[in-house]
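The next block holds one structure in the form of structure tokens; read it before the comments.
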Amino acid sequence: MTGMTSSARPLLNRRLAEFGTTIFAEMSALALSTGAINLGQGFPDTDGPEEIREAAVRALRDGRGNQYPPGPGVPELRTAVTAHQQRRYGLSYDPDTEVLVTAGATEAIAAALLALLEPGDEVIAFEPYYDSYAACIAMAGGRRVPVTLRAHEDEGRFRLDLDELRDAVTDRTRLLLINTPHNPTGTVLTREELAAIAELAVERDLLVVTDEVYEHLVFDDAEHVPLATFPGMRERTVTISSSGKTFSFTGWKVGWVTAAPELVTAVRSAKQYLTYVSAGPFQYAVAEALSLPESYFTDFRADMLAKRDLLAAGLAEAGFRVFRPSGTYFITTDIRPLGETDGFTFCRALPERAGVVAIPNAVFYDHREQGAPFVRFAFCKRTGVLEEAVKRLAGLR
């Protein structure tokens, strides 16, 4: 006996049948087997501030959070989140009824979609999108409707077509899933674009879930503006962020939701049956991180900007067409100037050809042909690692 069912019925339900092993697992395995530099998966190769790490150690030693923390999250973190939203954006939230701590932003997105969707509801998301969006929509029984961000070579950026977004809304549309700053393209939606999205949401009475995990990573003249700040949006918007991208402790998995009480209650109803609670001692440390002086955020942004420019220049010199990001820590490139057209084939060969790992953007698209020539590189690595990657990539020409 093997313990396996003898039925011919597939074990994985149909909603998840299209989701197998992620491209990140495949490419990370290639990095290990070839000794390539991994610029595929978006995690830093150094830890965040020493004082925040020590705050976690102190919480462990003091016995804070070693047992189940409160379901909504520890009060210190919920209070720190509300102070952050008020200080940064002028958004007032009640820490007791309008904040929910989650196991990273990924759980927050999953819980929000599970809580707010009925089977058959349509969800509009910007394509390309973070791969968990599609899986979470499927698990909730929803139907994803992609609106494609188009590459504008003359501007060196990807842009949203607002007319296409309006046309995508139907009587079955329940929710807009917005990500800005946007992974993987690095697009930061402008005030004008966000105002148009807000007007559409109010006009069509849509709920909105916004993924803002890269809120502190915006460059040049870009500005992060939460959608919840626009008229009519606070009461219909679930805003999601997390500590991992801002403080470089991605393994702690501490995220949060801010929203009106009835929305937080709905999301918590789903979240409590996912992880229930998590990351007890780390919640106290993240509360301290959110209170770091402004100099931390300024220096963090400046460091990432320098790394962006280093890698972007190297990629351009190697022959890629580079879409310089306005936010996040990813660079999208076009491989067609190198005589290539298929990102999957290119990325699977790149570790052997150049000793570098990247991710084919097509995995983030429903319309795979739209993303076929685009490849994403992460620059959240040590400067020396990026310099070595640039040297290796120079051999592609």
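Values reported hereafter were calculated over all heavy atoms of this structure, with side chains retained and with hydrogens, waters and symmetry mates removed.
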Original post:
What do the steps show when you test Tyr129 against Leu177 for side-chain contact (heavy atoms from CB on, under 4.5 Å), and what is the final call?
Top reply: CA-CA 10 Å; Tyr129 38 63; Leu177 179 52; over 6 Å; no
What pairs of donor and acceptor atoms, side-chain ones from residues 255-263 against any protein atom, are under 3.5 angstrom apart with sequence neighbours left out?
none

**OP:** Assign the ring pair Phe297 / Phe247 to parallel, tilted or perpendicular, where the plane angle (0 to 90°) is split at 30° and 60°.
**Re:** perpendicular
Are [X] and [Y] packed together at the side-chain level, in the sense that at least one heavy-atom pair is separated by less than 4.5 angstrom?
| X | Y | value |
| --- | --- | --- |
| Met304 | Phe219 | yes |
| Val123 | Asp121 | no |
| Arg236 | Asp205 | yes |
| Thr250 | Pro44 | yes |
| Lys307 | Thr383 | yes |
| Arg308 | Asp220 | yes |
| Phe364 | Glu127 | no |

What is the distance from atom [atom1] of [X] to atom [atom2] of [Y], rounded to the nearest 0.5 Å?
| X | Y | atom1 | atom2 | answer |
| --- | --- | --- | --- | --- |
| Leu189 | Leu194 | CG | CG | 5.0 Å |
| Leu393 | Arg353 | CG | CZ | 10.0 Å |
| Ile197 | Phe230 | CD1 | CZ | 9.0 Å |
| Cys380 | Leu39 | SG | CG | 8.5 Å |
| Arg324 | Asp309 | CZ | CG | 5.0 Å |
| Ile178 | Ile124 | CD1 | CD1 | 8.5 Å |

Original post:
After noting the C-alpha distance and the side-chain angles of Thr82 and Glu98, does the key distance pass the side-chain contact (heavy atoms from CB on, under 4.5 Å) rule?
Top reply: CA-CA 9 Å; Thr82 60; Glu98 297 186 312; over 6 Å; no
Side-chain ion pair, [X] and [Y], N-O less than 4.0 Å:
| X | Y | answer |
| --- | --- | --- |
| Glu212 | Arg88 | no |
| Arg166 | Glu203 | no |
| Arg348 | Glu26 | yes |
| Arg58 | Glu54 | no |
| Asp94 | Arg78 | no |
| Arg191 | Glu223 | yes |

Subject >> Lys245 charged N/C atom sitting above Phe43 aromatic ring, 6.0 Å / 45° >> reply: no
Please check this pair: side chain of [X] against backbone of [Y], looking for a donor-acceptor N/O pair closer than 3.5 Å.
| X | Y | value |
| --- | --- | --- |
| Thr237 | Arg234 | no |
| Gln283 | Gly65 | no |
| Asp62 | Arg64 | no |

Subject >> side-chain contact (heavy atoms from CB on, under 4.5 Å) partners for Glu155, two or more places apart >> reply: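 So Glu155 forms a side-chain contact (heavy atoms from CB on, under 4.5 Å) with His152, Arg157, Arg159.
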Identify whether [X] and [Y] are in the same connected component of the hydrophobic contact network (ILVMFWY, side-chain heavy atoms under 4.5 Å).
| X | Y | value |
| --- | --- | --- |
| Val169 | Leu116 | no |
| Val202 | Leu165 | yes |
| Val322 | Leu386 | yes |
| Val264 | Leu207 | yes |
| Leu217 | Leu227 | no |

Within a radius of less than 6.0 Å around [atom1] of [X], do more than 12 heavy atoms belonging to other residues, nucleotides or ligands occur?
| X | atom1 | answer |
| --- | --- | --- |
| Asp221 | CG | no |
| Asp171 | CG | no |
| Glu294 | CD | yes |

Which heavy atom in [X] sits nearest to a heavy atom in [Y], and how many Å separate them?
| X | Y | result |
| --- | --- | --- |
| Leu60 | Asn66 | O-ND2, 3.0 Å |
| Ser28 | Asn38 | OG-ND2, 3.4 Å |
| Ala318 | Leu396 | O-CB, 4.4 Å |
| Phe344 | Arg368 | CZ-NH1, 3.5 Å |
| Thr173 | Thr170 | OG1-N, 2.8 Å |
| Pro49 | Phe249 | O-CZ, 3.6 Å |

Subject >> Ring centers of Tyr329, Tyr214 separated by less than 6.0 Å >> reply: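 Yes, the ring of Tyr329 comes within the 6.0 Å limit of the ring of Tyr214, centre to centre.
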Subject >> Sole candidate of Thr332, Asp334, Thr333 that passes side-chain contact (heavy atoms from CB on, under 4.5 Å) when paired with Phe320 >> reply: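 It is Thr333, the one option of Thr332, Asp334, Thr333 that forms the side-chain contact (heavy atoms from CB on, under 4.5 Å) with Phe320.
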Original post:
Passes side-chain contact (heavy atoms from CB on, under 4.5 Å), Thr187 versus Thr180? Steps please.
Top reply: CA-CA 7 Å; Thr187 299; Thr180 182; over 6 Å; no
Subject >> The single option from Arg204, Arg174, Arg172 passing salt bridge (Lys or Arg N to Asp or Glu O under 4.0 Å) against Glu122 >> reply: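 Between Glu122 and the candidates, salt bridge (Lys or Arg N to Asp or Glu O under 4.0 Å) is satisfied uniquely by Arg172.
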Please tabulate, for the side chains in residues 369-378, all donor-acceptor contacts under 3.5 angstrom to protein atoms that are two or more places apart in sequence or on a different chain.
residue : atom : partner : partner atom : Å
Gln370  : OE1  : Arg150  : NH1          : 3.3
Arg376  : NH1  : Asn183  : OD1          : 2.9
Arg376  : NH2  : Gly40   : O            : 2.9

Table please: side-chain donor-acceptor pairs of residues 67-77 below 3.5 Å, with sequence neighbours left out.
none

List, one per line, each side-chain donor-acceptor pair under 3.5 Å for residues 131-142, sequence neighbours excluded.
residue : atom : partner : partner atom : Å
Tyr133  : OH   : Asp211  : OD2          : 2.6

Original post:
So, Tyr89 versus Glu215: side-chain donor-acceptor pair below 3.5 Å or not?
Top reply: yes
Subject >> Full working for side-chain contact (heavy atoms from CB on, under 4.5 Å) between Val101 and Val286 >> reply: CA-CA 11 Å; Val101 178; Val286 172; over 6 Å; no
List the atom pairs, donor and acceptor, that lie under 3.5 Å between side-chain atoms in residues 104-114 and the rest of the protein, sequence neighbours left out.
residue : atom : partner : partner atom : Å
Thr106  : OG1  : Tyr130  : OH           : 3.4
Glu107  : OE1  : Ala103  : N            : 2.7
Glu107  : OE1  : Lys271  : NZ           : 3.0
Glu107  : OE1  : Thr275  : OG1          : 3.4
Glu107  : OE2  : Lys271  : NZ           : 3.3
Glu107  : OE2  : Thr275  : N            : 3.2
Glu107  : OE2  : Thr275  : OG1          : 2.6

